[in-house]
Each structure stands twice: as structure tokens, then as C-alpha cells.
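Before any comments, here is the structure.
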There are 2 protein chains.
Amino acid sequence: MEASEIYKCIADPQRLRIINLLEAGPLCVCHMQEILEVPQVKMSKQLSSMKQLGLLEAHREGTWMIYKLVDPVEGLITANLCYLREAACAECNQLQRDLTKREKLILKVTKIENDCPQEVCQQIACC
Amino acid sequence: MEASEIYKCIADPQRLRIINLLEAGPLCVCHMQEILEVPQVKMSKQLSSMKQLGLLEAHREGTWMIYKLVDPVEGLITANLCYLREAACAECNQLQRDLTKREKLILKVTKIENDCPQEVCQQIACC
DNA sequence: ACAGTATATACTATATTTAGTATATATTTG
DNA sequence: CAAATATATACTAAATATAGTATATACTGT
């Protein structure tokens with residue numbers, strides 16, 4: 001994968017936020033949609049472009065489509081996420097807030113509504 | 001400066017090559033033009049957009065306009081250049097070739113043609 | 001003041017990216 | 001099989017970015 005393609009990808013704050021979320025574990029489209037507060041179409045299109053780029057992979061669980069970062073994660077992605085998280089910049093705060101929101105959402109859909117893809121729930125269960 | 005702006009900048013291979021060159025020291029437009037083999041207009045426009053973004057600064061020496069990276073260099077830029085140079089990827093090879101070409105060009109215009117902005121020549125003189 | 005060199009800008013054409021609306025597909029449940 | 005939910009795609013409109021040509025500006029040396 002070309003570095004420039006990766007930069008183009010993370011040059012969009014929204015896409016960077018997606019990567020940041022997925023780095024914490026797989027998620028389905030509707031949950032990312034809720035965390036990032038974007039319309040379904042936009043979410044779906046961004047995910048599919050990132051998948052096509054080779055950064056993400058997806059599988060279906062019921063009606064849910066679960067996306068995750070490919071393994072191994074592209075080094076340039078990891079390096080930049082790392083950097084940004086330590087940079088104490090505005091973007092970094094956003095990324096942190098997203099992660100917090102993710103935690104809360106997973107807890108809610110797992111424990112309260114009992115309506116969560118298994119793979120996503122497990123992130124809570126085993127900790 | 002927003003991270004996304006920096007990513008957008010280095011997502012263009014040409015602009016990344018400019019940053020890579022300038023990281024080794026200031027250069028005037030016509031020399032970068034020669035090293036990167038791009039038309040004058042393109043070079044000038046890219047430089048001016050990067051300057052406007054706050055990554056570069058320029059000053060005049062005679063008819064030459066000398067560009068350099070702002071000091072201190074944006075950390076995200078440094079981190080990524082570092083990463084790319086160690087990554088042994090296709091882009092990295094290009095960046096390395098550019099640096100070699102830069103050395104040769106500066107030597108030529110300094111010693112042979114004696115036609116080089118002082119600030120640029122000095123990079124050779126003192127080593 | 002004039003010619004030559006280096007650089008920048010205006011304007012235009014073209015390509016690329018993004019966003020929105022509507023619709024389609026896949027799956028589950030009753 | 002019909003209804004509901006989650007996701008994807010086609011199509012279009014709008015915004016952005018890029019490239020090219022021509023022209024302008026700034027400076028130097030004569």
C-alpha cells in the first residue's frame with residue numbers, strides 16, 4: 001500500500017476517527033454511525049472505500065456488518081495514531097472522546113439492551 | 001496547524017518530496033524544479049500553497065526565492081519523514097534519490113558554475 | 001531604460017472527491 | 001411470505017483540487 005494513499009485516507013478527520021475507533025476493536029456500521037454522528041450513507045461509503053484501500057475488512061453477523069482493521073495493521077497507521085494520541089492536540093481530544101463514547105455505547109447495547117454483535121460484546125465480557 | 005492539513009499536504013507525493021528536500025536544507029525554486037523535474041508553474045504553486053499552510057517560509061536573495069521549512073518543523077512532519085525513510089518502501093527510495101540528486105546539483109552550481117544562492121552553497125562549504 | 005533570469009499570479013479547463021436522495025440487497029423474525 | 005432492521009449501491013449535484021497557458025512582477029547587470 002502506498003504511503004500517499006494512507007495519508008489521503010487519514011487526511012479526512014472522519015476517516016481518522018474511524019481508524020481510531022477500530023483500533024480499539026471491531027464495530028458494526030450502526031454503532032460507528034452513532035458514535036460519530038454521521039448519516040448511514042456516509043458511514044457506509046467511507047467504510048467501503050477504506051476496505052477497498054485494504055485498510056479494513058468486514059464480515060457479516062446477522063444483519064450487522066462488522067468492520068475491523070486488517071491484521072497486521074499498516075505500520076504507518078499505527079505510528080500516526082500513536083503520535084496523535086500523545087500530541088495533546090485538538091484532534092487528539094476528539095479521538096479520546098470517541099473512545100469514551102464507544103465504551104459507553106458497547107456497555108449499553110451489551111448489558112442493557114442485549115442487542116450487540118457477539119464479537120463486539122466480547123470486548124467487554126473478557127476484561 | 002491541524003493534523004488533517006498536514007496529511008493532506010504529504011498525501012501528494014510531490015509535496016512530500018519537497019519537504020524531504022527542504023529537510024536537508026533551504027533551496028531555491030529553480031533547483032527544486034530541476035531535482036523534481038516539474039514545470040516552473042507547478043513548483044511555484046505547490047510551494048506557495050505549502051507556505052500559506054504554514055509549513056514553509058521564503059526569502060529573496062537576488063532573483064532567487066529561497067524556501068525552507070519553518071523552524072521548528074512541525075512534529076508530525078518530522079515523525080513521518082523519519083518513518084518513511086526507515087521503511088524501505090518505494091517512496092523511500094525516491095526520497096533518497098532526490099537527496100542524492102540534490103547533493104550533486106548543489107555541488108555543480110556551487111563549484112562549477114559558481115551560480116548558487118549563498119545560503120544554499122554554505123551547506124556544502126562548511127561540511 | 002533594456003534585456004535576461006527567476007518567480008508568481010490570473011484565468012481556465014479538467015479531474016477528483018464529497019454529499020444527498022432514492023433505492024436495492026441481505027438477513028431475521030413473526 | 002411480509003415487515004423490520006442493517007447495510008450497500010446508483011445516480012446526481014456540488015465542492016475541491018490539479019494542471020496548463022499566458023502574463024505579470026521582481027531583480028540584476030549592461
Side-chain angles (χ1 to χ4, degrees), chain A residues 2 4-18 22 26-53 56-68 105 109 113-121, chain B residues 2 4-18 22 26-53 55-68 105-106 109 113-121:
Chain A
E2 295 236 338
S4 61
E5 293 300 318
I6 293 175
Y7 289 132
K8 220 178 285 176
C9 176
I10 61 180
D12 179 81
Q14 186 86 33
R15 285 189 296 250
L16 179 61
R17 288 170 74 191
I18 293 175
L22 292 182
L27 276 177
C28 62
V29 184
C30 60
H31 290 164
M32 287 189 257
Q33 204 177 309
E34 190 169 341
I35 296 170
L36 303 183
E37 301 178 48
V38 288
Q40 188 265 321
V41 189
K42 193 173 170 187
M43 196 73 236
S44 178
K45 278 196 286 192
Q46 283 183 322
L47 288 168
S48 101
S49 76
M50 290 166 78
K51 184 175 157 211
Q52 191 161 343
L53 178 58
L56 307 184
E57 55 192 27
H59 70 273
R60 183 175 280 280
E61 185 168 330
T63 57
W64 288 303
M65 195 59 90
I66 301 177
Y67 281 86
K68 59 179 167 187
L105 178 65
V109 294
E113 301 175 359
N114 197 32
D115 179 41
C116 180
Q118 213 196 356
E119 198 175 351
V120 176
C121 296
Chain B
E2 295 237 337
S4 62
E5 293 301 317
I6 293 175
Y7 289 132
K8 219 177 285 176
C9 177
I10 61 180
D12 179 81
Q14 186 87 33
R15 285 189 297 248
L16 179 61
R17 289 171 74 191
I18 293 174
L22 292 182
L27 276 177
C28 63
V29 184
C30 60
H31 291 163
M32 286 189 257
Q33 203 177 309
E34 189 169 342
I35 295 169
L36 303 182
E37 301 178 49
V38 287
Q40 188 265 321
V41 189
K42 193 172 171 188
M43 197 72 236
S44 179
K45 277 197 287 193
Q46 281 183 322
L47 288 169
S48 102
S49 75
M50 292 166 77
K51 184 176 156 209
Q52 191 161 343
L53 178 58
L55 281 180
L56 307 184
E57 56 192 26
H59 69 273
R60 183 175 280 281
E61 185 169 327
T63 57
W64 288 303
M65 194 61 90
I66 301 176
Y67 281 85
K68 59 180 167 187
L105 179 65
I106 293 184
V109 294
E113 300 174 1
N114 197 31
D115 180 40
C116 180
Q118 214 196 356
E119 197 175 352
V120 177
C121 295

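Within every chain, numbering begins at 1; the chains are lettered A, B, ... in the order of the sequence lines, protein sequences first and strands thereafter.
As rounded to whole Å, 11 Å separates atom P of C:dT7 from atom CD of B:Glu61. Rounded to whole Å, atom P of C:dA8 lies 10 Å from atom CE of B:Met43. What separates CH2 of A:Trp64 from P of C:dT25 is a distance of 24 Å, to the nearest Å. We find that CD1 of A:Ile66 is positioned 13 Å from P of D:dA6, with the value rounded to whole Å. In this structure, B:Met50 places its CE atom 15 Å from C1' of D:dT18, rounding to the nearest Å. In this entry the distance linking NE2 of A:His31 with C1' of D:dT5 reads 12 Å, nearest Å. Distance CD (B:Gln52) to C1' (C:dA8): 13 Å, rounded to an integer number of Å.
With DNA chain D read from its 5' end, the first of the two nearest nucleotides for B:Lys8 and A:Gln40 is the one closest to A:Gln40.
Of the candidate nucleotides C:dT7, C:dA26, D:dA22, C:dT7 has the atom lying nearest to any side-chain atom of B:Val29. Of the candidates C:dT7, D:dG20, D:dC27, D:dC27 carries the atom nearest the B:Arg60 side chain, counting heavy atoms from C-beta on. Comparing atom distances between the B:Lys45 side chain and each of D:dA8, C:dC11, D:dA6 picks out C:dC11 as nearest. Among the nucleotides C:dA10, D:dT28, C:dG20, the one closest to any side-chain atom of B:Val41 is C:dA10. When the nucleotides D:dA19, C:dT27, C:dT18 are ranked by their closest atom to the side chain of B:Lys42, D:dA19 comes out on top. When distances run from any side-chain atom of A:Met65 to the nucleotides D:dT7, C:dG20, D:dT18, the shortest one goes to D:dT7.
A:Leu22 CG to A:Leu47 CG: the interatomic distance, rounded to the nearest 0.5 Å, is 7.0 Å.
Of all non-hydrogen atoms in A:Pro13 and A:Ala11, the two that sit nearest each other are CD-O, 3.4 Å.
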